[in-house]
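Heads up, the thing below is written out as structure tokens.
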Amino acid sequence: MARKTVEGSFAVAEAVRNCEPDVAACYPITPSTHVAEELANYYADGELKEYITTESELSSMSACIGASAAGSRTVTVTSGQGFALMHEAVYCAAGMRLPIVMIVGNRALSAPLNIWGDWQDAVTERDSGWIQFYCENSQEALDTVPQAYKVAEATLLPAMVCMDGFYITHAVEPVEIPGKEEIRKYLPPFNPKVRLDPDNPVSMGEYALPSHYQQFRQDLHEDLLAAEKIVRDANGGYAAQFGRSYGDGTIEEYKSGDADYVFVSMGSICGNAKEAVDALRAKGEKAGLVRIRLFRPFPYDALAKALSGKKSVGVFEKSYDLGALAPLCSDVSASIALLKGDRPALSSFIGGLGGKDVTVAHVSEMLAKIKQGKTLTEWI
Amino acid sequence: MIEVRMHGRGGQGAVTAVELLAVSAAEGGKWTQSFPFFGVERTGAPVQAFCRIDEKPVRIHQNVYEPDVVMVLDASLLAVTDVASGLKAGGVVIVNTKKGRGEIGIKGGKVFIVDATGIAVKHLGRPIVNTAMLGAFAKVTGLVPLDALERAIRHRFKGEIAEKNVAAIEECYNSTA
């Protein structure tokens, strides 16, 4: 596999094409990304079977729902406000058990108007029943696309591949992109048992009475939790074939095994955190990083094990739950609560909202505060 | 790791230039990353774009605050932007200008000048200096082989346009002082 140097969005678009989706449906305007633009180019060049230019993101997701229900491998791409407009259909896709893959270039939500990056567009959809991956760089983002299809189609759950808006979508980095033939060996064709078929009519996403509605939600929840193991298997299988893996597929532990204090986060900031941890390690400090790759289903047990015995933990996130504890920190708190005996002190850091640049120096400052072992809530 | 900050104006092609730099440095065996400063795209507005070049994979994702190399595509920016802000000790500043080195008032760093606008007009017929300035970068830093830069140009542009850009790059390479 040759290495090439391309923009993150184009790298991901090529990986999407090589997964051979039957239908792409996208709303091609800001705040969408170059992924949608490049998929349209592939369609124009005859390299993609179907590309529907929709009139809104709500229509994009609706088109994906129809196509996926008919048994097609589908993809859409969104960001920020466009993602928010999709909200109603995002729940439908999960409730109907349709393994759509959505590429998200994470961006802030209005108001005030802002086109820059943070995670709130996807994090705010965390309750919807979708699998959510957060990627550290372009290589991981493109590698996660076939993994997302593999997990989604094995579990009949939709999956989001989230990459930081601008920091990954617009960064030109060296990547290796697996070709169609190689991906075919990893990702079997999508062949659902139940699909919309005029010869064998079925209803999907229909009406459920109070006697049945809740059972659908309970089943979705339990199957989503069970998908955690499938994510690990997909990461392991990918590593075996392509030689690249991302922690155990759910979390990545970086120099955290013997660490006293640990930085926890997701996405591209974790590259900055690795630099900060290395600098502290060079001074003999027992600092570490745990990167959460799988945000939904949340890997509570794996994270609890990774944080067991630590003196203090700080969670940095580009997301919020206004009026409550920040969402990633809330999940980490629930993981820590599973631990017996002494539990690490837990701090919450919210930052990087609307594109605010968070540097290695900022991470170093947060790690210095985490080391103090207090419980802090700070905006960075 | 070498960090490059390019100052230009919206429409001058700073983003394309740092991408070409990343592609050609990668071809020369380095690990690279380039990206724009994330601003609103308005023609003529001051913009920045960044490139990192290293012997190992680049892990960080943040703006460049302490560059090793500053490139200025448009000398009119010198009046409104402190282009040498954060420049590392021993860092270099490469400016597209017709003026002399002593006349442009940059404090700190080693300053190189080239009339990239004149060279671009001569070869391209238009004052588009983003590619030409890469020749100056290659000359001053030695980080990007000239032939790798020219291959990146021929990959990005076709036919006559590519050759005109290559000619501009070579003249800039030879004229930077």
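By convention in this document, chain letters (A, B, ...) are assigned in the order of the sequence lines, proteins followed by strands, and residues within each chain are numbered from 1.
Heavy-atom proximity under 4.5 angstrom to chain A picks out B/Glu19, B/Ala22, B/Val23, B/Ala26, B/Trp31, B/Thr32 from residues 12-32 of chain B. Contacts between residues 135-142 of chain A and chain B, counted as heavy-atom pairs separated by less than 4.5 Å, involve A/Glu136, A/Asn137. When the heavy atoms of residues 7-18 of chain A are compared with those of chain B, none of the residues falls under 4.5 Å.
For the ring-ring contact (aromatic ring centres under 6.0 Å, His included) test, residues two or more places apart in sequence or in another chain that qualify with A/Phe295 are A/Tyr134.
In terms of heavy-atom pairs under 4.5 angstrom with chain B, the leader among A/Asn272, A/Ile269, A/Thr5 is A/Asn272.
The distance from atom OG1 of A/Thr359 to atom CD of B/Glu66, rounded to the nearest 0.5 Å, is 9.5 Å. Atom CG of A/Asp164 sits about 8.5 Å away from atom NE2 of B/His61, to the nearest 0.5 Å. How far OH of A/Tyr167 is from CD1 of B/Ile60: 11.0 Å, rounded to the nearest 0.5 Å.
Using a distance-only test at 3.5 Å, with no hydrogens or angles considered, no donor-acceptor pair links the side chain of B/Gln33 to the main chain of A/Ala171.
Within a 6.0 Å sphere centred on NZ of A/Lys356, other residues, nucleotides and ligands contribute 12 heavy atoms or fewer. Residue A/Lys371 places its NZ atom among 12 or fewer non-hydrogen atoms of other residues, nucleotides or ligands, all under 6.0 Å distant. For B/Lys107, the NZ atom sits in a loose shell: 12 or fewer heavy atoms of surrounding residues, nucleotides or ligands are nearer than 6.0 Å.
Taking 4.5 Å as the limit, every side-chain heavy atom of A/Val363 sits out of range of all side-chain heavy atoms of B/Gln62.
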Run A/Glu173 and B/Val58 through side chain to side chain contact (heavy atoms under 4.5 Å, CB included) and show every step you take. CA-CA 8 Å; A/Glu173 297 183 337; B/Val58 176; over 6 Å; no

